[in-house]
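Here is the structure we will look at.
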Amino acid sequence: MSKIHSELVVAIVGMGPRGLSVLERLLVRLAERRGPAVSIWVFDPGEHGAGRIWRTDQPDWFLMNTPAGEVSMYSGDPDEGPPRAGAGPSLHEWLSAGRAGPRWAELGQNGYAPRACYGRYLCDVFDNLVAHKPDNVTIHVARSRVERVERHEGRLRLVARSGRIVLADKLVLTTGHPVTAPRPWERELLDHAAGRPGVRYVRGDSAADLDLEPVRAGEPVGVLGLGLTFLDVVMALTVGRGGEFEPGPAGEQRYRPSGREPRVFAGSRSGLPMLARGVNQKAPKYRYEAKFLTRGAVAEARHRARRETGSAQLDFRRDVLPLLQLEVEHVYYTTLIRDRCGEEAARRFARLHLSCAGGKAADLVDKALVELGIAHVARIDLERMARPFADRRFADPAEYHRHVLGLLGQDLAEALRGNVHGPVKAALDILRDLRGAVRAAVDHGGLRPRSHREDFVGWFTPINTMVSAGPPAIRLAQVRALVEAGVLHLVGPALRVGTAPDGFLLDSAQVAGPGQVVGTLIDARIPRPSVRQDASPLTRQLLADGLISEYVNASSCADDVFATGAVSTTRAPFHAIGSDGRANPDLYVLGIPTENLRWFTQIGNGRPGPLSAFHADADAVAGDVLAGPAAGVVLPAANGSARAGEIRADQRLACSAGGDHGRR
C-alpha cells in the first residue's frame, strides 16, 4: 500500500539548459498558485545550470554559434524586480551589465559569446531561481549522478552514486548529450591504436572534454568531421597553443603560428567546413512565419496520403521538401529583387509568389527574373551548397585547396551581406525559424519509416545543418587563414580512414595522391544519441527494466521499420513509454535522448519574447507535473491491433491506420 504524504516531490535528473528550463517553468507556475509544499531535487554531477557541455572552466576560444541577443533562459523579459523564474535578462543583457567581466560587456547583441560565458550565465540563472523561489518550495541540490530508478510503493526510488536515496512522485530526465559505448567501427580504431605505441584514436565528444594535451608540436594529426566541434578542436590546437590571428591589409584574417601547433589533416563526407552564419541584422524577438509549410498544408498532405495509401504518414521528398523549398526560394528571390530592383518590385513578386505552388511557382520565378533583367542570377540549391564537390575530381591536394578557399571566400562575402539584406544568408537563416514547422511534419512518426531514415535523417538533416547551423563568419575567415598558413590541410570530400603500421591513413576518393598517415586521430563529431548505445548506468537500467523503450517508426502500410535510437515518449508533456507500450504518467523525458522521435533537440537555449519551443516544451512538462496523478495512456500493441482513434489525441504517436509507432 502506498504511503500517504502531502508534499509533492519532483526530481530533475540533468541540470544543464533543458533541466534548468523545466525548473524555471515549475517555479513560474508555483509562484502563480498557493498550494501544499513542493520539494524539488535537482541532480547533476557538474555545475547546476551549465551542466557538462557548458561548464565554466572551458577556454574562451570555444564560441557559441547563436548571437547573444537571441539567447535567454528566462521565459519572460526582465522587470523592476530581481531576476527570477519568468523574468530575467537575456544573455546579451546579462553580459552588458558586466556580469562576465568588462571584456564581454561590449560584445553587442549580434556578437557570439564564449561557451564558458554562457555557462556562467546559466549558473547565475540557477542561483537566481533558487534565491527567489516561492516560500512553499524547497530546492535540494544534489551534485551526483543518479544510477538507478525503480518503482517503490507507488513512487519512484532514485539511487545516486553518492549513496543518496530519494523517493519522488515525478521524475524528469533531461540528461543531455550521452557518453556512448563504442560502435564496431570505433572499436576497430581503438584496438588498432591500443597495440601501437604513440598511436591514439580520440573518440568524439564535446571539444572541452577531448584529451588534446598529448598532441605534439609538428605532429601530423587527423580530424574526422568539419563541423562545429572541428572548429573548436582546431582553435584548441592553434590559439590554445599560443598562435594568434591578426587582420591583413584587405581585412582578411592572417595566422601567426607559435611553433607549438601540430599539422592538422581534416576531412568529411562533404569536404567543406560548415558554411558561416550571416551577420545578424534581425531583432532578438524576430520570428519568420511559415507561408507555405503551414499546419494547414501539412494536414492537407496527410489527408492526401491517407486517401492514396491508407496511412497518414508523409513522404519527406514528396510532401514536405517542396513546401520547404518554396519558403527558402520566397525569401531568396524577394530579397534579391529588393536588392536589385527596389522595394515595390520585391513586394509585387512576393504577392504573386505566395499565390503559386509547385511548377507554377518555378514558372513565375523564371518569368519575373527575365522581366526584371536578372535572369542570369544564381538559383539557390541547398544540396549543391552543402555538397559542392559531388562528382568532382582533383588532380592533387593543391588544386582541391584552391577550390575550397574560393568557396569559403564566396561564403564569407555572402555572410558579410547579412541575414536580412543578403539574399543567400537571408534565405538560409529562415531554416532556423522553420524548425517548428518541420517538426510538425516529421516528429512522432510523421514520416514513413524509409523516408524518415533515408530522406530526412540521412539526407536532409546533414544538409540543413551544413547551410543553416554554422559558425560566425569570423571562424570561417580563420579557417581560410589556417589553410593559407599551412597549419590546416583539408584532405578532401568522401574522406576515407584506413590503418597503417604507424597510425591511420587519411585520403579522399576524389583527390589524387597518396593520402596522409597520422599518429593521432581525433573524432570531431558529437556521437549520435542512441538509447541502446548509451553507456550511462541509469539509461541501461531503465531500458533493461522496461521503464523506457526505444522508439521504432513502423507502419503496417509499408514493409519497413526504422529503429531510431530515441527514447520513446508521448507528445507533450513527453511521458516516457515503457516496454509494455504504456505511457508512464510519473516519468518524463525531454531533449537529446529523444532525438529522431523529435527533431533538433540539441538546442541549448530559449529566446527572448514569446515562449519559444524550448520554453514551451519545459512548460508542458511543468504543467503536467503539477496537475496531479494521471491515468496511464495505452499505446498501440506490438501486434498493431490498436487504431489511432483509440489513443488520446493529445498524446498519440501520429499513428497510421493499423500502424504500430509505439513498438520497440
Side-chain angles (χ1 to χ4, degrees), residues 5 7-24 26-27 37-58 73 116 119-120 122-131 133 137-153 155-181 205-206 208-209 527 529 531 533-545 547-548 567 576 584 586-593 604 618 621-622 625:
H5 60 283
E7 181 183 58
L8 175 68
V9 180
V10 181
I12 305 173
V13 176
M15 194 41 58
R18 286 283 185 180
L20 186 63
S21 68
V22 173
L23 176 62
E24 198 256 3
L26 279 170
L27 295 177
V38 176
S39 183
I40 304 175
W41 286 83
V42 289
F43 288 87
D44 199 291
E47 298 170 291
H48 282 59
R52 178 173 76 94
I53 299 300
W54 302 101
R55 66 175 194 260
T56 62
D57 62 352
Q58 300 178 66
M73 280 304 301
R120 290 192 282 275
L122 293 169
C123 290
D124 188 68
V125 172
F126 178 78
D127 290 344
N128 287 330
L129 298 185
V130 173
K133 63 178 177 56
V137 176
T138 303
I139 298 176
H140 305 272
V141 179
R143 299 194 182 280
S144 180
R145 299 182 189 277
V146 172
E147 296 198 331
R148 187 168 186 84
V149 173
E150 54 198 17
R151 287 286 179 193
H152 181 77
E153 297 183 349
R155 304 174 82 185
L156 293 169
R157 181 176 183 267
L158 284 69
V159 181
R161 177 176 292 183
S162 64
R164 184 183 297 277
I165 296 175
V166 173
L167 289 178
D169 301 291
K170 302 285 185 176
L171 169 59
V172 185
L173 298 177
T174 50
T175 50
H177 284 287
V179 175
T180 60
D205 204 345
S206 170
D209 291 306
V531 67
Q533 289 293 128
D534 195 329
S536 160
L538 175 60
T539 301
R540 290 180 178 273
Q541 176 260 315
L542 290 172
L543 189 63
D545 290 354
L547 291 176
I548 62 173
V567 174
N584 187 328
D586 302 330
L587 179 60
Y588 309 80
V589 185
L590 192 60
I592 289 170
V621 173
V625 163

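Quick caveat: nothing in here was measured; it's all calculated off a predicted structure. No hydrogens, no waters, no symmetry mates; every other heavy atom, side chains included, goes into these values.
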Is it true that a side-chain atom of [X] and a backbone atom of [Y] form a donor plus acceptor pair closer than 3.5 Å?
X: H48; Y: F126; answer: no
X: Q533; Y: A181; answer: yes
X: R540; Y: D534; answer: yes
X: S144; Y: S162; answer: yes
X: E147; Y: G163; answer: no

Close side-chain approach of [X] to [Y], heavy-atom, < 4.5 Å:
X: P593; Y: T175; value: yes
X: L26; Y: I12; value: yes
X: V42; Y: I139; value: yes
X: T174; Y: V13; value: no
X: L167; Y: L156; value: no
X: R157; Y: I165; value: yes

Discussion item. By the definition side-chain contact (heavy atoms from CB on, under 4.5 Å), identify the one residue from L129, T138, L27 that meets it with I40.
Written reply: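 That would be L27.
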Discussion item. Under the side-chain contact (heavy atoms from CB on, under 4.5 Å) test against Y588, which residue among L171, V625, L173 passes?
Written reply: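 Passing option: V625.
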Item to complete: Just jot down the salt bridge (charged side-chain N to carboxylate O under 4.0 Å, His left out) partners of R151, sequence neighbours excluded, or say none.
Response: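 R151: salt bridge (charged side-chain N to carboxylate O under 4.0 Å, His left out) contacts with D586.
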Worksheet item: With R143, which residues qualify under salt bridge (charged side-chain N to carboxylate O under 4.0 Å, His left out), at least two apart?
Response: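 Checked R143 against salt bridge (charged side-chain N to carboxylate O under 4.0 Å, His left out); zero matches.
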Practice prompt. Over all heavy atoms of both residues, which pair between A618 and V22 is shortest? Give the atoms and the distance, please.
Written response: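 Scanning both residues, the minimum pair turns out to be CB-N, 3.7 Å.
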Worksheet item: Shortest non-hydrogen contact from E7 to D169?
Response: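 That closest heavy-atom pairing would be O-OD2, 3.6 Å.
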Worksheet entry | Set of residues satisfying side-chain hydrogen bond (donor to acceptor under 3.5 Å, both in side chains) with respect to N128, sequence neighbours excluded |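 Listed in chain order: Y74, D124.
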Discussion item. Between E47 and T56, is the side chain to side chain contact (heavy atoms under 4.5 Å, CB included) condition met? List the steps.
Written reply: CA-CA 8 Å; E47 298 170 291; T56 62; 2.5 Å; yes
Discussion item. Assess the residue pair S39 and H140 against the criterion (side-chain hydrogen bond (donor to acceptor under 3.5 Å, both in side chains)); give the C-alpha distance rounded to whole Å, side-chain angles, the decisive distance to 0.1 Å, and a yes or no.
Written reply: CA-CA 8 Å; S39 183; H140 305 272; 2.8 Å; yes
Worksheet item: Between D57 and R120, is there a side-chain N and carboxylate O pair less than 4.0 Å apart?
Response: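 A salt bridge is absent here (no side-chain N lies under 4.0 Å from a carboxylate O).
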Practice prompt. Show the numbers, then the answer: is there a salt bridge (charged side-chain N to carboxylate O under 4.0 Å, His left out) between D44 and R55?
Written response: CA-CA 12 Å; D44 199 291; R55 66 175 194 260; over 6 Å; no
